[in-house]
Amino acid sequence: MTVAIYPGSFDPITNGHLDITARAAKLFEKLIIGIYDTPAKYLLFTTEERVDLARQAVANLPNVEVESFTGLAVDFAKEVKARVMVRGLRMGGDFEREFNMAMLNKKLFPELELVCLMASMEYQFLSSSLLKEAARLGGKIDNLVPRHVAAALSSKGSEQMGRIIE
Ligand code: PNS
């Protein structure tokens, strides 16, 4: 059985992430979304909230699981016996960062293969940080995230939302 991980911050999970998830779930027998607990950025949602939002979002995909992880993504891959790491790529800025991460991950765990899926056209511009900024400024985000994520975003107070762009 080929197990793949799809690691990220998922703060929060968006329709762009879900597009990658649904496509990757067709390629591998099991896909585990790995939610990194301490990315070096301000987080709007706690690890538990990010896991919960992601779990609700993938409830319709039977071969997809959601777990949080601490430490290196490659160690998480080893722990869950994954042979593949999935990442989504948008046009432009993503490539250099992804390439650097891929090279380091390859050094750390040479047997792990990276599979990058190109983001679909409608999500090329979508990132969790732009989404949070749009939500904070009252933009219409309902076609960018599942309904429960939109509700979770609107439940955050203006003080927390204000810190996103600090
Ligand atoms: O959604 P993001 O923020 O682009 O995801 C980045 C993530 C979580 C995949 C990356 O920061 C990561 O793998 N973090 C875990 C720690 C680690 O393995 N660092 C070395 C990466 S080369």
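The figures here come from the full heavy-atom set of this structure, side chains too, leaving out hydrogens, waters and symmetry mates. If you're wondering where the values come from, they're calculated on a predicted model, not measured in any experiment. Counting convention: from 1, in listed order, for ligands and their atoms alike. All residue numbers in this chain count up from 1 along the given sequence.
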Contacts table for residues 18-27: side-chain donor-acceptor under 3.5 angstrom, sequence neighbours left out:
unit_1: D19; atom_1: OD1; unit_2: S120; atom_2: OG; d: 3.1
unit_1: D19; atom_1: OD2; unit_2: R23; atom_2: NH1; d: 3.1
unit_1: D19; atom_1: OD2; unit_2: S120; atom_2: N; d: 3.3
unit_1: D19; atom_1: OD2; unit_2: S120; atom_2: OG; d: 2.8
unit_1: T21; atom_1: OG1; unit_2: H17; atom_2: O; d: 2.7
unit_1: R23; atom_1: NH1; unit_2: M118; atom_2: O; d: 2.9
unit_1: R23; atom_1: NH1; unit_2: S120; atom_2: OG; d: 3.4
unit_1: R23; atom_1: NH2; unit_2: M118; atom_2: O; d: 3.0

Check your understanding: Ignoring hydrogens and geometry, is there a side-chain-to-backbone donor-acceptor pair from K106 to L114 under 3.5 Å?
Key -> no
Point to revise | Residues that S68 engages under side-chain hydrogen bond (donor to acceptor under 3.5 Å, both in side chains), provided they are two or more places apart | key: none
Exercise for review: Using heavy atoms and a cut-off under 4.0 Å, could you grab the residues that are in contact with ligand 1, chain by chain, numbers ascending?
Suggested key: P7, G8, S9, Y36, K41, F69, G71, L72, A73, R87, R97, M101, L104, N105
Point to revise | NZ/NE/NH1/NH2 to OD/OE distance under 4.0 Å, E48 and R55 | key: no
Review point. Are a donor atom and an acceptor atom from the side chains of N100 and E96 found within less than 3.5 Å of each other?
Key: no
For residues 73-84, tabulate all N or O donor-acceptor pairs below 3.5 Å that involve a side-chain atom, not counting sequence neighbours.
none

